[in-house]
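Just so you know, ligand 1 is whichever comes first in the structure, and atom 1 is the first atom listed for that ligand. Position 1 is the first residue of the sequence, and the numbers go up from there.
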Amino acid sequence: MIDMIKQWRHVFKLDPDREISDEALDQVCMSGTDAIIVGGSSGITYDNTVDLMSRVRRYELPCVLEVSDLEAVVPGFDGYLIPMVLNTADSKWMIGQHQQAIERYGYLIPWDLLITEGYIVLHANSTVARLTGADTELSTEAVAAYAQAGERLLNLPIIYIEYSGTFGDMELVGETHRQLERAHLIYGGGVDTAEKARQAAQVSDTVVVGNIVYSNLHQALETVQAVKANKDSV
Ligand code: 1GP
């Protein structure tokens with residue numbers, strides 16, 4: 001799983017709770033992006049997840065589920081991303097929900113398809129920050145230290161800097177990246193133009209593009225080439 005993810009430079013994250021036409025989905029899947037992540041912070045159900053997965057499955061693109069709701073874990077994805085929020089004082093989002101999932105469904109879990117992500121949530125005014133009670137007021141040093149704690153103490157293969165809904169501080173992302181030795185750094189949040197995609201690609205290993213797919217598909221599609229053109233910059 002991690003070997004596959006390490007190849008990804010650009011990924012679209014699609015939300016099962018939002019409408020996307022067949023035509024738009026076709027353009028997203030044929031855009032040259034490396035994979036589709038299915039995920040969102042609210043309104044995710046088994047039915048809307050199955051529906052989106054089966055539509056994306058028509059394309060030869062890796063499709064993984066970022067698990068946020070236990071009721072909406074659908075079999076048939078190529079992999080399952082399991083977020084652990086590092087910058088929250090509420091241990092439920094770090095390990096509690098995971099413990100409950102294993103207690104309830106342990107015998108069903110396809111362990112070799114799971115991959116954990118150390119999430120650092122930095123946009124205070126986002127659903128994920130409010131939901132998880134993330135401490136978003138962090139210095140660059142503090143964020144880099146969370147990332148290193150995730151990589152070196154918890155041995156997490158992925159660190160995900162999440163600014164969902166706003167474009168983040170690229171210097172902070174770059175400095176965090178420099179402090180990592182092994183973990184793969186994913187950046188997501190507010191990438192809605194080719195220029196922002198280019199900047200994000202310079203400081204991270206994988207750039208995730210979400211919201212703009214639903215508000216300006218043309219600009220969303222432009223982010224793919226902008227990221228790919230930066231292939232060798234990290
Ligand atoms: C959200 O990181 C992703 O989980 C992408 O963020 O929706 O702001 O592009 P945007």
Side-chain angles (χ1 to χ4, degrees), residues 5 8-20 24-25 27-28 31 33-44 48-49 52 56 63-69 72 77 79-88 93 115-132 134 136 143 146-147 150 158-170 172-173 176-177 183-201 203-227:
I5 292 170
W8 298 350
R9 288 289 287 141
H10 181 285
V11 173
F12 281 118
K13 190 184 280 192
L14 300 180
D15 185 341
D17 194 32
R18 297 176 83 170
E19 296 280 323
I20 184 164
L25 188 64
Q27 292 188 58
V28 165
S31 63
T33 190
D34 295 308
I36 301 291
I37 297 177
V38 171
S41 302
S42 62
I44 313 296
N48 62 24
T49 304
L52 184 56
V56 174
C63 183
V64 298
L65 178 68
E66 188 167 61
V67 176
S68 58
D69 188 330
F77 282 92
Y80 297 84
L81 303 175
I82 311 295
M84 301 173 92
V85 179
L86 302 179
N87 60 324
T88 176
W93 300 105
I115 195 130
T116 39
E117 310 171 298
Y119 248 68
I120 306 173
V121 177
L122 294 174
H123 181 205
N125 193 23
S126 63
T127 309
V128 60
R130 282 192 294 268
L131 188 70
T132 61
T136 56
V143 171
Y146 268 120
I158 295 174
I159 299 295
Y160 190 133
I161 298 190
E162 172 67 291
Y163 274 95
S164 178
T166 193
F167 192 60
D169 176 344
M170 291 299 110
L172 176 153
V173 179
T176 303
H177 197 205
H184 186 80
L185 184 72
I186 299 182
Y187 172 79
V191 175
D192 55 10
T193 62
E195 174 56 21
K196 286 180 193 163
R198 189 189 64 75
Q199 289 177 31
V203 292
S204 64
D205 295 315
T206 301
V207 177
V208 178
V209 176
N211 271 309
I212 193 69
V213 168
Y214 299 94
S215 53
N216 188 329
L217 182 61
H218 175 72
Q219 272 176 227
L221 297 172
E222 283 186 350
T223 64
V224 179
Q225 286 318 314
V227 167

Polar atom proximity, [X] to ligand 1 (N or O, under 3.5 Å):
X	result
Val191	no
Gly165	yes
Tyr163	no
Glu162	yes

Please enumerate all residues that pass ring-ring contact (aromatic ring centres under 6.0 Å, His included) together with Tyr146, with sequence neighbours excluded.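 With sequence neighbours excluded, Tyr146 shows a ring-ring contact (aromatic ring centres under 6.0 Å, His included) to no residue whatsoever.
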Say whether, by atom type as modelled, one donor and one acceptor occur between the side chain of Glu222 and the main chain of Ala194 under 3.5 angstrom.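 No; judged by distance alone, with no hydrogens or angles, the pair does not exist.
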Do Asp205 side-chain atoms and His184 backbone N/O form a donor-acceptor pair below 3.5 Å?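 No; judged by distance alone, with no hydrogens or angles, the pair does not exist.
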Parallel, tilted or perpendicular: which fits the ring planes of Tyr160 and Tyr119, with parallel below 30° and perpendicular above 60°?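 Tyr160 and Tyr119: parallel rings.
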Do we see a donor-acceptor contact under 3.5 Å between the side chains of Asn48 and Arg18?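 Note: Asn48 and Arg18 side chains miss the donor-acceptor criterion.
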Checking side-chain polar atoms at under 3.5 Å, does His10 have a donor or acceptor matched by the opposite partner on Thr223?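 Indeed, the side chains of His10 and Thr223 share at least one donor-acceptor pair under 3.5 Å.
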Give the numbers and elements of all ligand 1 atoms closer than 4.0 Å to a heavy atom of [X].
X	result
Gly188	2 (O)
Gly189	2 (O), 5 (C), 6 (O), 8 (O)
Gly190	8 (O), 9 (O), 10 (P)
Asn211	7 (O), 8 (O), 9 (O), 10 (P)

Among Phe167, Tyr187, Tyr160, whose heavy atom sits nearest atom 3 (C) of ligand 1?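 Comparing heavy atoms across Phe167, Tyr187, Tyr160, the nearest one to atom 3 (C) of ligand 1 lies in Tyr160.
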Of the non-hydrogen atoms in Leu131 and Ser41, which two are nearest, and what is the gap between them?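 Where Leu131 meets Ser41 most closely, the heavy atoms are CD2-O, 4.1 Å.
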Identity and distance of the protein heavy atom lying nearest atom 9 (O) of ligand 1: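 Answer, as residue, atom name and distance: Gly210 N, 2.9 Å.
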